[in-house]
Amino acid sequence: MSRTLALVTLLEGADPSRVAELESAAVLGKHLPGTVGGGHYTWDGIDDPVPPGFEDVADVDLVELELIDGSLADPDFAGEIKRTLLLRVEPDAPADSVAAFERDLMAMPDHIPAIVNWTLSRVVGPSGTRWTHSWEQEYCTLDGLKVDYMMSPHHWGLIDGWFDPEMPRQIVDLELAHVYHPTDRSVLAAALG
Amino acid sequence: MVGKIHVLDELTVEPGRLDEVRRLMTEGYMAGAKARGMTLEQTWLTPPIELFDQPNTLVYLWSVPDAAAWWAMRGAAGRDPGVSEFWAEVDALCVERQRRFLVDDQIGEEEE
């Protein structure tokens with residue numbers, strides 16, 4: 001079973017009243033400051049990403065995801081942060097390295113209890129998408145992401161080696177979409193249901 | 001809480017290329033590393049004399065003060081395409097290269 005996710009980028013100078021209209025009409029997660037490379041909103045596959053007739057959008061980067069694995073530790077999760085990392089593994093990366101990278105990512109929740117619910121998915125469409133993986137998590141607080149996750153030695157001491165251009169084992173392209181937004185419910189529950 | 005983090009680079013160099021790698025590190029890396037917040041603590045050569053028919057390993061031990069400084073170093077390297085180009089040039093002269101990150105082991109302290 002697959003699902004869709006999109007990163008929505010507004011046009012520069014988008015009409016604020018139209019943006020307010022978009023935010024009330026669509027189920028979008030508005031990105032918080034610190035988001036990198038992923039536009040203004042995350043759309044998690046509920047209804048349409050952009051209502052018909054809304055023209056102030058520069059880009060809808062939609063991906064089709066196929067679940068590798070995940071965990072719904074708290075099905076009643078009521079917030080407050082959903083984070084998505086879209087990344088591209090280099091096409092010439094050895095298969096055993098890709099498998100080790102996926103295993104390492106999926107071990108992160110064992111070392112970082114602030115990760116409540118999580119999924120790791122392969123991007124299986126559309127054809128021509130630049131992304132290969134989506135790594136999504138839900139946290140009870142923003143500090144869960146910015147402190148517990150980012151400052152964990154498991155993250156900087158092990159996982160980041162797959163991303164670091166100074167490391168011989170780097171296989172992930174430097175251009176990432178690291179986005180996070182407030183939420184009052186689990187958007188991963190449906191993916192793991 | 002993690003304090004000082006050491007960064008250990010091990011460059012196993014093709015026979016006969018040791019001076020080239022030393023020069024690359026000195027002229028092409030050290031100033032940038034310092035600007036990214038890295039302090040060079042120590043360098044070593046092993047085996048402790050240059051071999052001409054087998055590789056030698058150059059070891060560079062760096063440090064950054066803490067995890068925030070580690071991310072500052074990492075972010076600056078990621079934004080500079082010259083860093084990955086530099087390592088590609090070094091890698092062409094090496095049979096193997098590793099980078100490891102080290103922190104103080106806490107076992108001894110727990111016993112006190």
Side-chain angles (χ1 to χ4, degrees), chain A residues 33-38 83 85-94 96-97 100-101 104-105 107-108 111-114 130 135 142-180, chain B residues 1-13 24-25 28-30 32-33 35-38 60 62-106:
Chain A
T35 284
V36 175
R83 185 265 187 150
L85 180 71
L86 288 180
L87 61 95
R88 183 175 83 99
V89 169
E90 301 285 3
D92 57 353
D96 58 347
S97 293
F101 165 64
D104 281 351
L105 276 183
M108 286 188 93
H111 297 274
I112 306 171
R130 68 181 314 278
W135 170 230
L142 186 55
D143 272 358
L145 171 62
K146 296 190 111 173
V147 180
D148 297 59
Y149 179 84
M150 292 305 295
M151 294 300 170
S152 167
H154 188 264
H155 189 175
W156 55 259
L158 178 72
I159 298 296
D160 193 71
W162 300 110
F163 296 78
D164 184 350
E166 297 208 74
M167 294 287 276
R169 67 184 171 96
Q170 179 205 11
I171 59 169
V172 178
D173 187 86
L174 283 172
E175 199 173 316
L176 306 166
H178 158 61
V179 300
Y180 47 99
Chain B
M1 191 74 178
V2 173
K4 190 175 189 178
I5 298 165
H6 283 96
V7 181
L8 187 73
D9 283 324
E10 296 170 80
L11 285 55
T12 304
V13 181
L24 274 174
M25 289 297 290
Y29 192 77
M30 289 190 181
R36 292 190 291 276
M38 301 168 76
Y60 295 80
W62 314 84
S63 68
V64 293
D66 53 28
W70 188 95
W71 278 112
M73 167 196 79
R74 167 69 175 81
R79 288 188 296 273
D80 180 358
V83 172
S84 51
E85 290 166 11
F86 167 82
W87 284 119
E89 200 174 346
V90 169
D91 287 343
L93 303 173
C94 292
V95 295
E96 190 181 5
R97 178 171 68 85
Q98 288 199 44
R99 168 168 284 194
R100 304 172 206 260
F101 304 112
L102 305 94
V103 293
D104 282 348
D105 188 7
Q106 303 296 315

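Here is the naming used below: chain letters follow the sequence lines, and residue numbers restart at 1 for every chain. Model, not experiment: these values are computed from the prediction.
Using a 4.5 Å heavy-atom cutoff, the side chains of B:Lys4 and B:Pro65 are not in contact.
Between chain A and the residues B:Val83, B:Ile5, B:Asp9, B:Asp80, the largest count of heavy-atom pairs under 4.5 Å involves B:Ile5. Chain B forms the most heavy-atom pairs under 4.5 Å with one residue out of A:Glu166, A:Gln170, A:Arg169, and that residue is A:Glu166. Taking B:Ala88, B:Ala67, B:Pro81 one by one and counting their heavy-atom pairs under 4.5 Å with chain A, the maximum is reached by B:Ala67.
The cationic atom of B:Arg36 (NZ for Lys, CZ for Arg) lies less than 6.0 Å from the six-membered ring centre of B:Tyr29 and within 45° of the ring axis.
The part of A:Pro153 that comes within reach of chain B is its side chain, from C-beta onward, which places non-hydrogen atoms under 4.5 angstrom from that chain. Within the 4.5 angstrom heavy-atom criterion, no atom of B:Leu102 approaches chain A. Heavy atoms of B:Arg74 lying under 4.5 Å from chain A belong exclusively to its side chain.
Note: A:Tyr180 and A:His178 have tilted aromatic rings, judged against thresholds of 30 and 60 degrees for the angle between ring planes.
For B:Trp70 and A:His155, the ring centers are positioned 6.0 Å apart or more.
No more than 12 heavy atoms of other residues, nucleotides or ligands lie within 6.0 Å of CD in A:Glu175, so this atom counts as exposed by the packing criterion.
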